[in-house]
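Scope of the values below: all heavy atoms of this structure, side chains included, with no hydrogens, waters or symmetry mates. When a residue number appears, it is its place in the shown sequence, counting from 1.
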Amino acid sequence: MATLNDVAAEAGVSPTAVSRHLNHRIELPQATRDRIDAAIAKLGYRPNVLARRLSRGKAEAISLVTPDIANPFFAELAAAVEREAHDHGYAVYISSTGGGAGNEAEAISRMADGHVDGLIMMTNRVDDGRLARLLAKLDNVLLLDEDIAGAGLPGVFVENAAGTYLAARHLIEAGHRQIALIGGPEGLMSVIERLAGFGRAMAEAGLTIPEGWTLLGDYTSAFGEAAAAQLLDGPRRPTAILACSDYIAVGVIKAVRSRGLVIPRDLSLVGFDDMAFAELVDPPLTTVRQPVAEMGRLAVRHLLALLEDGPRPPPETRLPVELVTRQSVAPPSPKDIS
């Protein structure tokens, strides 16, 4: 079996240079990196990972806690986290909690037991204080996508309010005045902020939001369909709906079609996320794009700064969003304008 010294001799460098290259601890000239990599491939060298971890006193692994890995939004975030961590020599252990408090606590305990060096935490539920207290006991924790009130931890989030403001302005500029919103769990940071952005756009346009036209529940297709049904079957139908996730928008589309209506002829629709399927639905969905890959990359970089005693990341990092216009918005029918 080839050793570190064998690789060094083959590449014409010192064993220390090889070791630091493998551990991402040195920036070598490209030609030197290529020689080391070629020597590793030629000799079939495999580092003794266990010995390295013991010598460094680190697991060289981080934990990513996600509510639902089957959800494309969280899956894309997880993939970005894993790529960035791999580039820095860290493995990623992923826990999909289903949004359950017990599952979240179990995943967090793995870090407390020393199985990982750091934790990136995502949740999709409103905390009752227990999750914040658990996380506050730990070092090297970073929040991603949603804040957890009282935890006092650094986080990477998006400009939620700016996103719904852009979406609502787009609908208003298309001529809509009767606009409803369907959002996620009441009290969740993203929900609070997306409501605020929507409300600001409506207020600036001198528009009021009728009672019962702001419906909050879950970021799911099932809730989107049920909420849209309530709006469409009511005494007064909105001409546009702002869905605070693309999954909610899919549910709205189901409710619209089941009633023989057509988007955007009978109802305009804007989503939030810009998941891969958003341009594949019929009609292609106008939506707010979140920079998911950049969110994952920054989360890892900020966590590694905590792990490796680098400059401490800011308490909060906000990434910009953008409106992607497709074909799900049109001016309202003249008969629907009041």
Side-chain angles (χ1 to χ4, degrees), residues 1-66 69 75-95 110-111 114-122 138-144 153-156 290-315 317-320:
M1 183 179 294
T3 67
L4 189 75
N5 289 337
D6 295 332
V7 173
E10 178 71 25
V13 298
S14 70
T16 300
V18 175
S19 176
R20 295 182 70 186
H21 170 67
L22 291 172
N23 290 318
H24 305 276
R25 301 294 180 188
I26 191 172
E27 187 66 34
L28 294 169
Q30 185 62 50
T32 305
R33 296 200 300 268
D34 291 344
R35 288 205 313 275
I36 294 173
D37 292 339
I40 290 170
K42 178 181 176 180
L43 299 174
Y45 173 70
R46 294 176 62 85
N48 188 329
V49 175
L50 179 58
R52 185 178 69 209
R53 290 175 178 173
L54 289 172
S55 68
R56 296 180 63 192
K58 289 186 175 182
E60 292 188 332
I62 62 175
S63 178
L64 173 66
V65 178
T66 175
I69 198 64
E76 190 176 343
L77 263 179
V81 166
E82 195 162 34
R83 283 193 301 269
E84 187 69 20
H86 179 269
D87 288 346
H88 288 85
Y90 280 80
V92 180
Y93 299 147
I94 299 175
S95 299
R110 294 195 191 101
M111 181 175 168
H115 295 166
V116 294
D117 300 316
L119 170 68
I120 296 175
M121 183 76 202
M122 292 190 286
L138 302 175
D139 296 321
N140 306 329
V141 178
L142 186 119
L143 304 179
L144 180 57
L153 296 168
V156 175
Q290 298 198 64
V292 176
E294 183 63 15
M295 290 168 67
R297 284 193 295 267
L298 268 184
V300 172
R301 292 172 189 173
H302 287 186
L303 180 61
L304 294 185
L306 295 173
L307 295 178
E308 300 174 0
D309 298 323
R312 187 169 180 85
T317 299
R318 291 280 181 166
L319 295 177

Measuring from [X]:[atom1] to [Y]:[atom2], what's the distance to the nearest 0.5 Å?
X: Met295; Y: Ile120; atom1: CE; atom2: CD1; result: 11.0 Å
X: Leu119; Y: Asp139; atom1: CG; atom2: CG; result: 12.0 Å
X: Leu144; Y: His302; atom1: CG; atom2: NE2; result: 11.0 Å
X: Leu307; Y: Ile62; atom1: CG; atom2: CD1; result: 7.5 Å
X: Leu64; Y: Leu142; atom1: CG; atom2: CG; result: 10.5 Å
X: Thr317; Y: Glu294; atom1: OG1; atom2: CD; result: 10.0 Å

Identify, with sequence neighbours excluded, every residue that meets side-chain contact (heavy atoms from CB on, under 4.5 Å) alongside His88.
Glu84, Tyr90, Leu304

Would you please name every residue forming a side-chain contact (heavy atoms from CB on, under 4.5 Å) with Ala305, sequence neighbours left out?
Pro313

Minimum heavy-atom distance between [X] and [Y], given as atom pair plus value:
X: Val7; Y: Ile36; result: CG1-O, 4.2 Å
X: Ala78; Y: Ile94; result: CB-CD1, 4.2 Å
X: Pro15; Y: Asn5; result: CG-OD1, 3.1 Å
X: Leu319; Y: Pro291; result: CB-CG, 3.8 Å
X: Glu82; Y: Val92; result: CA-CG2, 3.9 Å
X: Ala293; Y: Ala80; result: O-CB, 3.6 Å

Should Val300 and Leu303 count as side-chain neighbours, where that means a heavy-atom distance under 4.5 Å?
no

Within the 4.5 Å heavy-atom criterion, are Arg312 and Leu306 side-chain neighbours or not?
yes

Scan for side chain to side chain donor-acceptor pair (under 3.5 Å) pairs involving residues 29-42, sequence neighbours excluded, and state none if there are none.
Glu10-Lys42, His21-Asp37, Glu27-Arg33, Gln30-Arg33, Gln30-Asp34

Please answer whether the main-chain N or O of Glu60 pairs with a side-chain N or O of Asp117 as donor and acceptor at a distance below 3.5 Å.
yes

